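Keep in mind it's a predicted model, so treat the numbers as computed, not measured. Residue numbering restarts at 1 for every chain, and letters A, B, ... go by the order of the sequence lines.
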Amino acid sequence: MSQKFLEIQNELLPKVKLENIFKKDEIKLIAGVDLAYWDVNNTTHGTCCIVVIDYHTKEVIEKVYSYGEITIPYIPGFLAFRELPLIIDTVKKLINLPDLYMFDGNGYLHYRHMGIATHASFFLNKPTIGVAKSYLKIQGTDFMMPKNQAGAYTDININSEVYGRTLRTTKNVKPIFVSCGNWIDLHTSTEIVMNCINKESRLPIPVRLADLETHKVRKQLSHL
DNA sequence: GCGACAG
DNA sequence: ATCTTGTCGC
């Protein structure tokens with residue numbers, strides 16, 4: 001199974017572009033994407049929630065979700081294959097199409113530069129950013145802890161290539177791991193993430209809201 | 001058997 | 001990811 005997955009990701013890799021294909025003032029709507037899981041008998045079910053906000057006012061513009069059985073197991077390095085089917089299904093329900101998507105997980109910061117944010121971009125056809133809460137160690141490379149100051153960061157350099165960035169979004173709180181998804185550069189990715197931080201969470205608003213939403217939906221669905 | 005391991 | 005209460009601190 002994972003052999004076929006490897007082939008698919010290796011074919012996509014050459015199409016990744018870590019450059020902005022947009023102008024900053026064109027970014028109006030940003031979506032956060034997340035999933036939550038629960039078990040029914042011996043099968044795993046999941047819900048995908050997408051929350052769209054106005055990048056400038058942070059107002060919630062739209063929320064959509066879908067749910068279904070999850071058939072692909074979680075395998076480190078192949079998260080996209082597990083979560084993409086439900087994500088694609090959910091995106092179809094959006095009325096307000098986002099200018100950019102933020103994911104709970106990595107993008108270019110991945111064994112084959114094909115974390116879920118990067119992989120998903122080819123189905124969404126929009127710029128994407130990866131935001132992970134924990135570190136995925138690649139080739140034994142640890143990350144350097146940034147200074148304890150909001151906005152401080154350290155680049156994750158592996159074999160003379162920058163895979164992503166350890167970003168302290170909030171003082172006195174663990175850093176997050178930001179990486180390019182596709183069609184955007186790391187500098188702009190960092191800037192957009194920081195512009196989506198408030199006192200409520202170390203996570204950018206779109207991802208945080210999508211996370212909260214998946215918990216609500218799960219509580220509702222798993223109690224039926 | 002042991003340790004690694006985004007979500 | 002998920003299983004789970006209280007509790008320390010700003």
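Residues of residues 166-187 of chain A that place a heavy atom closer than 4.0 Å to DNA chain B do not occur. Scanning residues 34-51 of chain A for heavy-atom distances under 4.0 Å to DNA chain C yields A:Ala36, A:Tyr37.
Between A:His113 and A:Tyr163, the gap from one ring centroid to the other is short of 6.0 Å.
At least one donor-acceptor pair closer than 3.5 Å links the side chain of A:Asp185 to the backbone N or O of A:His187. Between the A:Thr154 side chain and the A:Met145 main chain, no donor and acceptor come within less than 3.5 Å of each other. In this structure, A:Glu213 contributes its side chain and A:Cys49 its backbone to no donor-acceptor pair below 3.5 Å. Without hydrogens or angle criteria, A:Arg112 side chain to A:Gly77 main chain gives a donor-acceptor distance under 3.5 Å. Checked by atom type and distance alone, the side chain of A:Asp99 pairs as donor or acceptor with a backbone atom of A:Lys28 at under 3.5 Å. The backbone N or O of A:Pro146 lies less than 3.5 Å from a partner atom in the side chain of A:Arg168, making a donor-acceptor pair. Distance alone, capped at 3.5 Å, is enough to place a donor-acceptor pair between the A:Glu62 side chain and the A:Ile95 backbone. A distance-only check finds a donor-acceptor pair linking the side chain of A:Asn198 to the backbone of A:Glu200 [under 3.5 Å]. Judged purely by atom type and a 3.5 angstrom limit, A:Thr214 has no side-chain atom pairing as donor or acceptor with the backbone of A:Asp34.
The side-chain tip of A:Lys63 does not point at the ring of A:Tyr65 from less than 6.0 angstrom away and within 45° of straight on.
Just one residue in the list A:Val64, A:Thr47, A:Leu35 forms a side-chain contact (heavy atoms from CB on, under 4.5 Å) with A:Thr90, and that residue is A:Val64.
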Polar atom pairs (N or O), protein with nucleotides 6-10 of chain C, under 3.5 Å:
none

Distances under 3.5 Å between nitrogen or oxygen atoms of protein and nucleotides 2-6 of chain B:
| unit_1 | atom_1 | unit_2 | atom_2 | d |
| --- | --- | --- | --- | --- |
| B:dA6 | OP2 | A:Tyr74 | OH | 3.2 |
| B:dA6 | O4' | A:Asn106 | ND2 | 3.3 |
| B:dA6 | N7 | A:Gly77 | N | 3.2 |
| B:dA6 | N6 | A:Gly77 | O | 3.3 |
| B:dA6 | N6 | A:Phe78 | N | 3.3 |
| B:dA6 | N6 | A:Leu79 | N | 3.1 |
| B:dA6 | N6 | A:His110 | NE2 | 3.3 |
| B:dA6 | N1 | A:Ile116 | N | 3.2 |
| B:dA6 | N3 | A:Asn106 | N | 3.1 |

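Residue contacts for A:His119: at a heavy-atom cut-off of 4.0 Å it reaches no nucleic acid atom on any strand shown.
In terms of the ring pair (Phe, Tyr, Trp, His ring centres under 6.0 Å) criterion, A:Tyr37 has no residue partners (sequence neighbours excluded).
Under the 30°/60° scheme for interplanar angles, the aromatic rings of A:His119 and A:Phe123 are found to lie parallel.
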Please, what dot-bracket string fits DNA chain B when only Watson-Crick and G-U pairs with both distances under 3.5 Å count, crossing ones use [ ] and pairs to another strand use |?
.......
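A salt bridge is defined here as a Lys NZ or Arg NE, NH1 or NH2 lying under 4.0 Å from an Asp or Glu carboxylate O, and A:Lys23 with A:Glu26 fails to meet this definition.
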